[in-house]
Novice: 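Provided herewith is a single structure, encoded as structure tokens, for subsequent inquiry.
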Amino acid sequence: MIATIETYLTIGLGHYLTVSVILFCLGLLGIMTRRNILVVYMSLELMLNAANLALIAFSRFNQNLDGQIMVMMVVTVAAAEVAVGLALIVSLARHKLPIWIDNLNKLKY
Amino acid sequence: MWEKLLNYWSQSAPLLPEAIAFYILATIAILFGFLVVANPFSRAPINSGLSLLCTILSLAGMAILLRAYFLAAILVIIYGGAVVVLFLFVLMLSRKDFKIVFAPTRIRFAIGMIITILFAMIIVPIAIQIPVSTAVSDSVPIEGTVSAIGTLLLTKYIIPFEAISILLLSAIIGVVYLSKPETKGKSK
């Protein structure tokens, strides 16, 4: 019993990857099942952040900073993507179009 | 037996705060991550946005546990400060009084569940079977401080750095074009 305590107290790569995988699957579930396009975007951010956590954990447990640089690139691309996507949603709202993705299944109305 | 336990406790005591912090942060992250996609109490998008904020803050805490201090600050500032606030602003601008014309909800939900469960069956065993003994010793600590990240970013990764600045510039131009109010005469 005593020997098993240490395995719970030693936080290794597998713990972080498990959290990352669970968050990634939750984001995938959100993208697959939700209908509001804003919530779909939030689920996308959740998946990106899960990948960020995995990259930071790899960077830590390989004693290498390159993964953290990659996380900075991911954060920058995600910020740009969110800005463009939300501008599209604002443009939808300005044209009085709905934000439900079931209604947005055509390229041009 | 008590001596053994006490001896073990004194050995594992340095591990204890990190383990407690990790488990608390992981619980918060997964709980609020679940609330982002499937809040059982309300389907309002603003609850999803605030849950996303909590998830991101706990992920920043995990980044601190992983010695990525600069990235923790970046996550809080950019995600918590910019992205979530942008989401909430757009939420206030969007309308919700539309009738849904095409909503086979059950079928879509079932298909999404099946795809997600298949994906989880593939990827979760891979993450779980990684041995715990990969924990590192801090004899040569690699810390993601500002100077370390900045040095790496401006020497080895200078070309991706410049490329990402061009990406940001084009994104800014695109956003300004998209959110420009349409003039009636010029554009159709």
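By convention in this document, chain letters (A, B, ...) are assigned in the order of the sequence lines, proteins followed by strands, and residues within each chain are numbered from 1. Everything numeric here is computed off the predicted structure, so don't read it as measured data.
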Novice: For chain B, find which of A:Thr33, A:Ile22, A:Leu17 contributes the most heavy-atom pairs closer than 4.5 angstrom.
Specialist: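 With the most close heavy-atom pairs to chain B, the winner is A:Thr33.
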Novice: Relative to chain A, which segment of B:Leu178 carries a heavy atom at a distance below 4.5 Å: side chain, backbone, both, or neither?
Specialist: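 B:Leu178 touches chain A through backbone and side-chain heavy atoms alike.
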Novice: Side chain, backbone, both or neither: which part of B:Ser48 has a non-hydrogen atom closer than 4.5 Å to chain A?
Specialist: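 Looking at B:Ser48, backbone and side chain both touch chain A.
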Novice: Among residues 28-37 of chain B, which residues come closer than 4.5 Å to chain A, judged by heavy atom distances?
Specialist: B:Ala29, B:Ile30, B:Gly33, B:Phe34, B:Val36, B:Val37
Novice: Heavy-atom cut-off 4.5 Å, strictly under: side chain, backbone, both or neither for B:Phe22 against chain A?
Specialist: side chain
Novice: Do you know which two heavy atoms are closest between A:Ala87 and B:Val175, and how far apart they sit?
Specialist: CB-CG1, 4.1 Å
Novice: As an exercise, state the distance from OG of A:Ser59 to CG of B:Leu71, rounded to the nearest 0.5 Å.
Specialist: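 One gets 8.0 Å once the value is rounded to the nearest 0.5 Å.
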Novice: If you count heavy-atom pairs under 4.5 Å between each of B:Pro160, B:Ala26, B:Gly174 and chain A, which one has the most?
Specialist: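 When all of B:Pro160, B:Ala26, B:Gly174 are compared, B:Pro160 has the most.
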Novice: Roughly how far, to the nearest 0.5 Å, is CD1 of B:Ile114 from CE of A:Met32?
Specialist: 11.5 Å
Novice: Of all heavy-atom pairs between A:Met42 and B:Gly49, which one has the smallest distance, and what is that distance?
Specialist: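 Taking A:Met42 first and B:Gly49 second, the nearest heavy atoms are SD-N, 3.4 Å.
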Novice: Taking all non-hydrogen atoms of both residues, which atom of B:Ala63 and which atom of A:Ile56 are closest, and how far apart?
Specialist: CB-CD1, 4.0 Å
Novice: Got a second to check how far A:Leu86's CG is from B:Leu91's CG, nearest 0.5 Å?
Specialist: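 Those atoms lie 10.0 Å apart.
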Novice: Please state whether the side chain, the backbone, both or neither of A:Ile37 comes within less than 4.5 Å of a heavy atom of chain B.
Specialist: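 No part of it gets close to chain B.
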Novice: How far apart are the closest heavy atoms of A:Thr18 and B:Ala127, and which atoms are they?
Specialist: OG1-O, 4.1 Å
Novice: Looking only at heavy atoms, what is the nearest atom pair of B:Ala19 and A:Ile11, with distance?
Specialist: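 Heavy-atom minimum between the residues: CA-CG1, 3.8 Å.
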Novice: Can you tell me which of A:Ile69, A:Val71, A:Val82 forms the most heavy-atom pairs within a distance under 4.5 Å of chain B?
Specialist: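 Ranked by heavy-atom pairs under 4.5 Å with chain B, first place is A:Ile69.
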